[in-house]
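Notes to accompany the following structure.
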Protein chains: 2
Amino acid sequence: MNYVSVVSRLVTMENFAAPGDFVDAARQGWAKARPELDVSSIEVMGRITRIGALVTQRVEHDLAPEDITRAEFDLLCTLARSGRPLRASEVTAATMLSGASTTKNADRLARRGLIERLPSERDGRVVLLQLTADGHALVDRTFPNFLARDQELLSGLTAREQAALAELLRKVAMNLEVRH
Amino acid sequence: MNYVSVVSRLVTMENFAAPGDFVDAARQGWAKARPELDVSSIEVMGRITRIGALVTQRVEHDLAPEDITRAEFDLLCTLARSGRPLRASEVTAATMLSGASTTKNADRLARRGLIERLPSERDGRVVLLQLTADGHALVDRTFPNFLARDQELLSGLTAREQAALAELLRKVAMNLEVRH
DNA sequence: ACAATCTATTTTACTAGTAAAATAGATATG
DNA sequence: CATATCTATTTTACTAGTAAAATAGATTGT
């Protein structure tokens, strides 16, 4: 790419919209406003938080007809994939919410008959949470739709690209999780 | 990899902890609980939402000493990189929050003297938001720290890997953004 | 020009999430 | 074998975010 095409690309991007995605626009903004800053890391981290927020909103929207929040659905899915009753504290660790939220979400799901609270035989402080038949049914009915929606989002990528992306994200995730 | 090594890897991962990151554990759970489901898409989407949530929490924690929320900081950074006063509705579009939240956040930031509200000359309904000198100073003082933290998270990846990751994420982001 | 309609922001009334205190059961120590 | 300390969960008191109503200014059609 020569000087002219670089310039014409910049002019195009500034004056005639469509500079790629949200993060491309943000990066261009920083390049102009604070040219001395190296903002290259937002190419990855900005996109991750942006995509994460958009996907979360979409999931919430799709769950509205079930009259269930994303956090409650997350709790149900955590129990569904664990195959055994989990302690409230295990659910808290898996869902990234506070213990107080786990109590609240478990209350609402129990009132709706989607989960049950069991006492632990070993430890009287512990509350075990497990899906009821209705809870299992809800997960079995709705979870595949979310998988399909996710696949759709990745449909622009080849299988090889999806695998490469997953592997790169695993590295970032592991780096992040070791720091708590 | 032969049959034995596959089996030994599975056994290792099930019985001796450390199956990689959070998503590896979740995927194994689904594989056992619902072997008929193709949950491969969570390798990407699950990691994006997980990393997004962890990074968001970390940013909130790091902003606590400034007595400012992540949403407020996001508003300040949006103004800082735009280089001109923005309409409240432009800020709303950039921050992924509701208009009501923009009003609330702008209220608090204006009370603290970090932004100013200006009337638009063209349209009496419009409120323009712009940084004060104090607001600029706060962004200049703190934003570089967040860039450094983000770079640290990506330090396990080569420059080539970071570029590949950014490019793959851009594809996903653009696919998502065209669907609103 | 003037009602009808549209649009940008704010206000109101509400829900979700949290930190810290309270509660209750387990464990350790003298 | 108490009693002090630790741990798991719940309750309380609060903050952040939102949808929908209210407000106020712009636009459109006649």
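These numbers come from a predicted model, not from an experiment. Just so it is clear: chains get the letters A, B, ... in the order the sequence lines come, proteins before strands, and each one is counted from 1. These values consider heavy atoms only, across backbone and side chains, with no hydrogens, waters or symmetry-generated copies.
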Legend entry - Exam field: side chain A:Asp62 to backbone A:Val59, donor-acceptor pair closer than 3.5 Å: no
Inset, instruction - I would like to know whether A:Ser89 and A:Thr92 meet side chain to side chain donor-acceptor pair (under 3.5 Å); could you show each step before the answer? - result: CA-CA 5 Å; A:Ser89 52; A:Thr92 297; over 6 Å; no
Inset, instruction - Tell me what B:Arg117 touches on the nucleic acid: a base, only sugar-phosphate, or nothing, going by heavy atoms under 4.0 Å. - result: sugar-phosphate
Legend entry - Side-chain ion pair, A:Asp107 and A:Arg117, N-O less than 4.0 Å: yes
Inset, instruction - Identify whether any heavy atom of B:Arg70 sits under 4.0 Å from a base atom; if not, whether one sits that close to sugar-phosphate; answer base, sugar-phosphate or nothing. - result: nothing
Inset, instruction - For A:Arg87 and C:dA26, give me the distance from atom CZ to atom C1', rounded to whole Å. - result: 11 Å
Legend entry - Whichever of A:Ser98 and B:Ala106 has its nearest DNA chain C nucleotide further upstream toward 5': B:Ala106
Inset, instruction - Verify the cluster assignment for A:Trp30 and B:Leu147: are they in a single hydrophobic cluster under the rule of side-chain heavy atoms below 4.5 Å apart? - result: yes
Inset, instruction - Measure from CG on B:Leu97 to C1' on C:dG17 and round the result to the nearest Å. - result: 15 Å
Legend entry - Distance test, side-chain N/O of A:Ser101 to OP1/OP2 of C:dA16, below 4.0 Å: no
Legend entry - Interatomic distance where NZ belongs to B:Lys104 and C1' belongs to D:dA20 [whole Å]: 15 Å
Legend entry - Nucleotide C:dA8, atom P - distance to CD of B:Glu90 in whole Å: 11 Å
Inset, instruction - Go through C:dT11, D:dT9, C:dA20 for me and flag the one nearest to the B:Asp107 side chain. - result: C:dT11
Inset, instruction - Specify the residue among A:Asp123 and A:Gln57 whose closest nucleotide of DNA chain D lies further upstream toward the 5′ end. - result: A:Asp123
Inset, instruction - Can you tell me the distance, in whole Å, between the CG atom of A:Asn105 and the C1' atom of D:dT10? - result: 14 Å
Legend entry - Salt-bridge contact B:Arg112-B:Asp134 (side-chain N to carboxylate O under 4.0 Å): no
Legend entry - d(CG, A:Asp74; P, C:dG17) in whole Å: 10 Å
Inset, instruction - Name the nucleic acid region contacted by B:Thr69, choosing base, sugar-phosphate or nothing; use a 4.0 angstrom heavy-atom cut-off, strictly under. - result: sugar-phosphate
Legend entry - Nearest-angstrom distance from the residue atom CZ of B:Arg125 to C1' of C:dT11: 18 Å
Legend entry - Distance in angstrom units between A:Ile68 CD1 and C:dA16 P, rounded: 11 Å
Inset, instruction - Scan B:Ala88 against the nucleic acid and name what it touches under 4.0 Å (heavy atoms): base, sugar-phosphate only, or nothing. - result: sugar-phosphate
Legend entry - Phosphate-side-chain proximity, B:Ser89 and C:dT9, N/O vs OP1/OP2 below 4.0 Å: yes
